[in-house]
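Quick note on labels: first sequence line is chain A, next is B, and so on, each numbered from 1.
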Amino acid sequence: MLEIIDIHKTFNAGTINEKRALQGVSLHLKPGDFVTVIGGNGAGKSTLMNSVSGAYPVDEGKILIDGVDVTHLPEHKRAQYIGRVFQDPMMGTAATMQIEENLALAARRGKIRTLRTGITKKERALYKEQLATLGLGLEDRMTAKVGLLSGGQRQALTLLMATLQKPKLLLLDEHTAALDPKTAAKVLETTQRIVERDNLTTLMITHNMRDAITYGNRLIMMYDGRIVVDVSGEEKKKLTVEQLLSLFSKASGSDEVNDKLLLS
Amino acid sequence: MERLLNFGNALPGVLSLGLIWGIMAIGLFITYKILELSDLTVDGSFCTGGAVCIVMMAMGQPTWLAMVCAFLAGMLTGAVTGFLHTTCKIPAILAGILTQLGLWTINMIIMGIEKGELVSTLTIPARNSKPLVSAMFLKTALNGTKPVYMYPPFVLVVITACIIGLLYWFFGTERGASIRATGANEHMARAQGINTNANKMLGLMLANGLVALSGSLFAQYNGNSEINMGRGAIVIGLAAIIIGDVLFGKLFKNFALKLLAVSFGAIVYYLVIQAVLTLLQVDSQYLKLMSAAIVAIFLTVPNLGGHSFKKHKKEAPVCSK
């Protein structure tokens, strides 16, 4: 479903601040794969995510979604294939617009926006149903401004928006990192439920190694702009945090990075 | 007493001017409030609207056609700023200033089309003068020389209502909602497949189209277009938006009412100016300084006391992550 072929990305090339964020990453996701991505700060996780979403172009390599080469498509055109939830709860929704308006915008992802009415009665009923499945009581606050919601509520709403129209690829960029543990767990549960229900191909960055092991059918670990660990299937199910750590130090060839990974 | 009488006599004119500038401010509302762009094109595009309208009327074209062309010319100026901002990646403020500067010459060229030279003031010749609104109608519409429905405040209220109605409809459509999303959160907009650059372009065009339309009404009202007519338009527009928000913001939540508040804001602005000029008999040479002071005061008021607390409260959920 997603095919990343040897992508490279360097920031501030040729300056003293040069940062080689991606140094030849290749990754192939089968339909329905739920891949968790871990790695320390500056490992290239977010750069990988942003390269796939089209937030910035890659220097080299190719990205294909469901066989379509999207390497040179601008961000808003790739959006027809991709649902996204960001780390910052403020980023995925329009605060000054109503809950139902946000959903209506998301329902038209990848479609031409015409002069027809922005939200129909039929849609409202559908959104009410969908919001009810989140179990947050948002279905009774459809015309409330999103800015009034808490971070957790906003992430849940963003998740719903990302999956309202079944995306070919769901990108979750540490989408629970800014939430308190209880809310984070709830948003993760919702994520799991939606991904399973729609059999979504998913790429999820997390900084929590336990979550990385619990969720998904495949785990990759990044270090210094490369994928250094790639575990899937039965092997992943049996994985422990300790094993993960030793895998990491073997791959990166150093002990000190353990702390770097743990502390991040 | 005499001053009060003068002030009273000036009211219909004040109302007319307020309504005309209100239309310009509604245009500015689109860029400043909806798209959150600071567009300084307006000082130039206001005059472009007046220049195109007066030139066409002087050439004997029908008034409605002159106004339509003024609107289109305004959209073109917005497109130039949009191009500089989105394609050339120039910051919006600078892009607007560049367009505005260039328009100074363009506007003189437009006004001088007939003579083939640069002209800084153009008056409609009496034989071709069929304006939709004119300061002269304030008297003639009431004493029977002109039909009563030509009374300028009435005509302008109808035009303003039509514009607000159309904008209310447009910003409720799929396309209009995507423009609002572009202003509210660009990241979210792009993630939802919205072409934010195209929307900014469209917003700037629509806004400057309205500004130019307002300019065409202003020029008709005065019977001429003049190269400096748009100078300071941005300040008047911002004043209208801010005064409207300060006075009616708590009351008017609906989008159409917010636009109405902008129009009211422009009227209040002109009332205040007129009051200072006639009641306090301040020399009109002080006008620009007063305008700047009025805007500064209305910009300051919301930041004192209560409002900043409200803002803090609104952001609370973010802090408590």
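Interface remark: A:Ile112 contributes backbone atoms only to the contact with chain B (heavy atom separation under 4.5 Å). For chain B, the nearby parts of A:Thr117 are the backbone and the side chain; heavy atoms of each come within less than 4.5 Å. Heavy-atom distances place no part of B:Phe171 under 4.5 Å from chain A, backbone and side chain included.
One distance of note links CD of A:Glu75 with NE2 of B:His187; it measures 8.0 Å at 0.5 Å rounding. The CZ atom of A:Arg109 sits 15.5 Å away from atom CZ of B:Arg190, with the distance rounded to the nearest 0.5 Å. Note that CD1 of B:Ile194 is 4.0 Å distant from CZ of A:Arg113, once rounded to the nearest 0.5 Å. Separation of atoms CD (B:Gln192) and CD (A:Gln165) is listed at 9.0 Å; rounding is to 0.5 Å.
A 4.5 Å side-chain heavy-atom check between B:Met188 and A:Asn102 finds at least one atom pair inside the cut-off.
For the set B:Gly183, B:Gly193, B:Ala184, the count of heavy-atom pairs under 4.5 angstrom toward chain A peaks at B:Gly193. Here A:Arg116 is the residue among A:Gln153, A:Arg84, A:Lys77, A:Arg116 with the most heavy-atom pairs under 4.5 Å with chain B.
Closest non-hydrogen pair, A:Leu115 versus B:Trp169, comes out as O-CZ2, 3.8 Å. Shown here for B:Ala191 and A:Ala79, the closest heavy-atom pair between the two residues is O-CB, 3.4 Å. What you find for A:Met97 and B:Ala177 is that their closest heavy atoms are CE-O, 3.7 Å. The two residues B:Ala181 and A:Leu105 make their nearest non-hydrogen contact at CB-CD1, 3.5 Å.
Under a 3.5 Å cut-off, the side chain of B:Glu174 and the backbone N or O of A:Thr114 do form a donor-acceptor pair. In this structure, the side chain of B:Asn185 engages the main chain of A:Met90 through a donor-acceptor pair within 3.5 Å.
Within 6.0 Å of atom CZ in B:Phe252, more than 12 heavy atoms from other residues, nucleotides or ligands are found, so the atom counts as buried in its surroundings. By the 6.0 Å contact criterion, OH on B:Tyr32 is open, its count of non-hydrogen atoms from other residues, nucleotides or ligands being 12 or less.
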